[in-house]
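First the proteins, then the strands, lettered A, B, ... as listed; each starts at 1.
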Amino acid sequence: MSASREPLPRAFYERDAVRLARALLGRTLVHETREGTVAARIVEVEAYRGPADRAAHSYGGRRTPRNEVMWGPAGHAYVYFVYGMHWCLNAVAAKPGAPEAVLFRAAEPLEGKDLARRRRGRDVSDEGLLRGPANLCRALGVGRAQNGADLTSGGLVILAGDEVPPRCIRASPRIGVDYAGDDALMPWRFFVADSPAVSGRRRG
DNA sequence: AGGAAGATCCGCT
DNA sequence: GCGGATCTTCCTG
């Protein structure tokens, strides 16, 4: 666990989604609730680059109640519901008016494994507890109530943790965006090469 | 108004 | 590998 309990400041998030995505690897995601605290090391993320990115919810500048948070200031949580069952967590990037975000796809549990396992409601290995964007949210207790939450202060925050050196980072196309044409080929998924918690294929 | 598809996961085959 | 779960948004008529 990182020595610093200070959340990363807003300025950390105020850059384009691809650079933010790489910078978020190795950081510590923490959610404190009445039930307890779950903390985890971020090991897999995807960048969604805004109006020009066909895979992004904000593609074409389409602003809806669902994706409204993407247009706001960086460092806030964009939480959305998919497939009628699952929640996914993003960090808003860039400056207000630039609807970019980074999706959290997997993390390694550091603290609160018992609580995370209870939330998952099944027997899962440590490395599987927060593997996959929906499982990550479930283990952390993240849902509609966290949409718009400020990641720089409050119950859901990201701490400095330990930055991952570039030589340990792998890139690949993003998962599940085949409909996005050429943008589906862009290498905007990033993961920690030797982490057992990374989901899906380990290309790169 | 109605239908299709989606930044998914799980259990079965 | 396939289908079911079933919310939100978009597109068609």
Side-chain angles (χ1 to χ4, degrees), chain A residues 13 16-18 20-22 24-25 29 40 42-72 74 76-94 98-109 116-149 151 170-191 196-204:
Chain A
Y13 298 91
D16 73 80
V18 170
L20 178 61
R22 298 178 67 102
L24 279 166
L25 292 174
L29 192 49
I42 298 161
V43 296
E44 182 184 349
V45 294
E46 284 176 356
Y48 287 87
R49 306 204 60 183
D53 178 0
R54 292 180 64 181
H57 288 169
S58 53
Y59 172 60
R62 283 189 300 272
R63 194 166 174 161
T64 68
R66 182 209 210 192
N67 66 21
E68 178 64 29
V69 176
M70 289 185 79
W71 269 265
H76 287 255
Y78 167 43
V79 181
Y80 67 89
F81 195 63
V82 277
Y83 297 115
M85 312 184 58
H86 301 301
W87 296 96
C88 292
L89 170 65
N90 298 252
V92 175
E100 304 189 24
V102 175
L103 171 70
F104 297 102
R105 288 195 55 92
E108 299 171 356
R117 199 160 267 119
R118 228 177 303 143
R119 284 171 170 156
R120 287 295 309 277
R122 64 188 70 248
D123 194 18
V124 190
S125 62
D126 281 6
E127 60 266 31
L129 273 178
L130 297 91
R131 177 189 289 144
N135 288 334
L136 180 148
C137 281
R138 203 158 165 197
L140 283 170
V142 166
R144 172 167 283 155
Q146 281 68 45
N147 189 37
L151 297 172
R170 299 291 178 272
S172 83
R174 295 169 292 183
I175 307 285
V177 297
D178 295 344
Y179 59 87
D182 290 344
D183 288 335
L185 304 175
M186 301 307 291
W188 292 337
R189 167 176 177 250
F190 302 100
F191 56 97
V198 169
S199 71
R201 289 215 176 284
R202 288 153 207 271
R203 288 165 294 177

Can you measure [X] atom [atom1] to [N] atom [atom2] for me and round it to whole angstrom units?
{"X": "A:Y48", "N": "B:dG6", "atom1": "OH", "atom2": "P", "result": "13 Å"}
{"X": "A:H57", "N": "B:dG6", "atom1": "NE2", "atom2": "C1'", "result": "7 Å"}
{"X": "A:N90", "N": "B:dT8", "atom1": "CG", "atom2": "P", "result": "11 Å"}
{"X": "A:L130", "N": "B:dC9", "atom1": "CG", "atom2": "P", "result": "11 Å"}
{"X": "A:I175", "N": "B:dT8", "atom1": "CD1", "atom2": "C1'", "result": "11 Å"}
{"X": "A:N67", "N": "B:dG6", "atom1": "CG", "atom2": "P", "result": "17 Å"}
{"X": "A:Y59", "N": "B:dG6", "atom1": "OH", "atom2": "P", "result": "15 Å"}
{"X": "A:R62", "N": "B:dA5", "atom1": "CZ", "atom2": "C1'", "result": "13 Å"}

Given the P atoms of B:dA1 and C:dT6, what is the spacing between them in whole Å?
24 Å
B:dC10 to C:dT8 separation - C1' atoms, rounded to the nearest Å
22 Å
Look up atom [atom1] in [X] and atom [atom2] in [Y], then write down how far apart they are to the nearest 0.5 Å.
{"X": "A:L185", "Y": "A:S172", "atom1": "CG", "atom2": "OG", "answer": "11.5 Å"}
{"X": "A:R131", "Y": "A:E44", "atom1": "CZ", "atom2": "CD", "answer": "9.5 Å"}
{"X": "A:D126", "Y": "A:E108", "atom1": "CG", "atom2": "CD", "answer": "10.0 Å"}

Partner set under side chain to side chain donor-acceptor pair (under 3.5 Å) for [X], not counting sequence neighbours:
{"X": "A:Y13", "answer": "none"}
{"X": "A:R118", "answer": "none"}
{"X": "A:D178", "answer": "none"}
{"X": "A:E46", "answer": "A:Y48"}

Indicate, with a heavy-atom threshold strictly under 4.0 Å, whether [X] touches base, sugar-phosphate, or nothing.
{"X": "A:Y83", "answer": "base"}
{"X": "A:A134", "answer": "sugar-phosphate"}
{"X": "A:R144", "answer": "sugar-phosphate"}

Results of ring-ring contact (aromatic ring centres under 6.0 Å, His included) for [X] - residues two or more places apart only:
{"X": "A:F81", "answer": "A:W87"}
{"X": "A:W71", "answer": "none"}
{"X": "A:Y80", "answer": "A:H57, A:Y78"}

Name every donor-acceptor pair, under 3.5 Å, that has one atom in a side chain of residues 137-147 of chain A and the other anywhere in the protein, sequence neighbours excluded.
residue : atom : partner : partner atom : Å
A:R138  : NE   : A:R119  : O            : 3.4
A:R138  : NH2  : A:R120  : O            : 3.4
A:Q146  : OE1  : A:G143  : N            : 2.9
A:N147  : OD1  : A:V79   : N            : 2.9

Residues forming a salt bridge (charged side-chain N to carboxylate O under 4.0 Å, His left out) with A:R22, sequence neighbours excluded
none
Watson-Crick or G-U stems of DNA chain C, 3 or more pairs, under 3.5 Å, by first number
B:1-6 with C:7-12, B:8-12 with C:1-5
Under 4.0 Å from a heavy atom of chain A: give me the 5'-most and 3'-most nucleotides of DNA chain C that qualify.
C:dA5 to C:dC10
Considering only nitrogen or oxygen atoms on both sides, find all protein atoms under 3.5 Å from nucleotides 10-13 of chain B and state each distance.
residue : atom : partner : partner atom : Å
B:dC10  : OP1  : A:R120  : NH2          : 2.5
B:dG11  : OP1  : A:R122  : NH1          : 2.5

